[in-house]
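In what follows, a structure is listed as structure tokens, so that the remarks can point back to it.
Remember, it's 1-based here, ligands and their atoms both numbered in the order they're listed. Note: hydrogens, waters and symmetry copies are ignored here, and every other heavy atom, side chains too, is used. Remember, predicted model here, so these are calculated numbers, not experimental data. Each residue takes its place number in the sequence, starting with 1.
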Amino acid sequence: MQRTLVLVKPDGVQRGLVGEIVRRLEGRGLKLMALKMMQVNRDLAARHYAEHQGKSFYDGLLDFITSGPVVAMIWEGREAVTVVRSLMGSTDPLKAAPGTIRGDLALDLGMNLIHGSDSPARAETEMALFFSGPEIHQYDRTADRWIRE
Ligand code: DAT
Ligand code: MG
């Protein structure tokens, strides 16, 4: 079953939207495998956003993601990477469809509330950046009988 890394960014924590975001992912049927609140340091931020190094918004992006605590999570489910990306909505909240997290709850590109890995390969890399093995839980969820065919 596929897994993906999700971050509620500092704006989401500050705005009290952690529960709202978790509710949407849980409601869809995704399974929560790991969750923690943490401060992202500059080194972790640089590794996480390495693909954006050299872009005009890179320094500001690192300033933002290190500006306050985030909530990091691993979610599992069928096509979890794509499902989370579709629940998030487009990167620019102005272009994000209503019904998506960004489309319902955000306005500005730099304050778009949530990160989700953009491919299964990136998900593996990002999960390893944010979580150690023992932090990822193995458990049976009885509701899966009614979610997974
Ligand atoms: P996403 O978060 O949807 O995966 P991304 O990986 O392209 O988007 O960019 C990472 C974050 O960087 C994004 O959530 C917001 C910020 N960002 C992206 N493009 C930007 C731009 N042109 N100007 C300012 N910030 C930008
Ligand atoms: Mg991205």
Checklist outcome for this item: Sorted by chain and residue number, the residues having a heavy atom closer than 4.0 Å to an atom of ligand 1 are K9, Y49, H52, F57, L61, R85, T91, R102, L109, N112

Item to check | Sequence-distant partners of D118, side chain to side chain donor-acceptor pair (under 3.5 Å), two or more places apart | outcome: none

Next on the checklist: Apply salt bridge (Lys or Arg N to Asp or Glu O under 4.0 Å) to residues R148 and E76 and explain how you reach the verdict.
Outcome noted: CA-CA 12 Å; R148 298 177 175 177; E76 182 184 273; 2.9 Å; yes

Next on the checklist: Between the side chains of D140 and R145, is the shortest nitrogen-to-carboxylate-oxygen separation below 4.0 Å, so that they form an ion pair?
Outcome noted: no

Item to check | Contacts of H115 that satisfy ring pair (Phe, Tyr, Trp, His ring centres under 6.0 Å) - sequence neighbours left out | outcome: H48

Next on the checklist: For residues 55-73, which residue pairs pass the side chain to side chain donor-acceptor pair (under 3.5 Å) check, not counting sequence neighbours?
Outcome noted: R42-D63, H52-K55

Next on the checklist: Let's go through E26 and R23 carefully: what are the C-alpha distance in whole Å and the side-chain angles of both, what is the deciding distance for salt bridge (Lys or Arg N to Asp or Glu O under 4.0 Å) to 0.1 Å, and is it a yes or a no?
Outcome noted: CA-CA 5 Å; E26 272 186 324; R23 184 187 67 75; over 6 Å; no

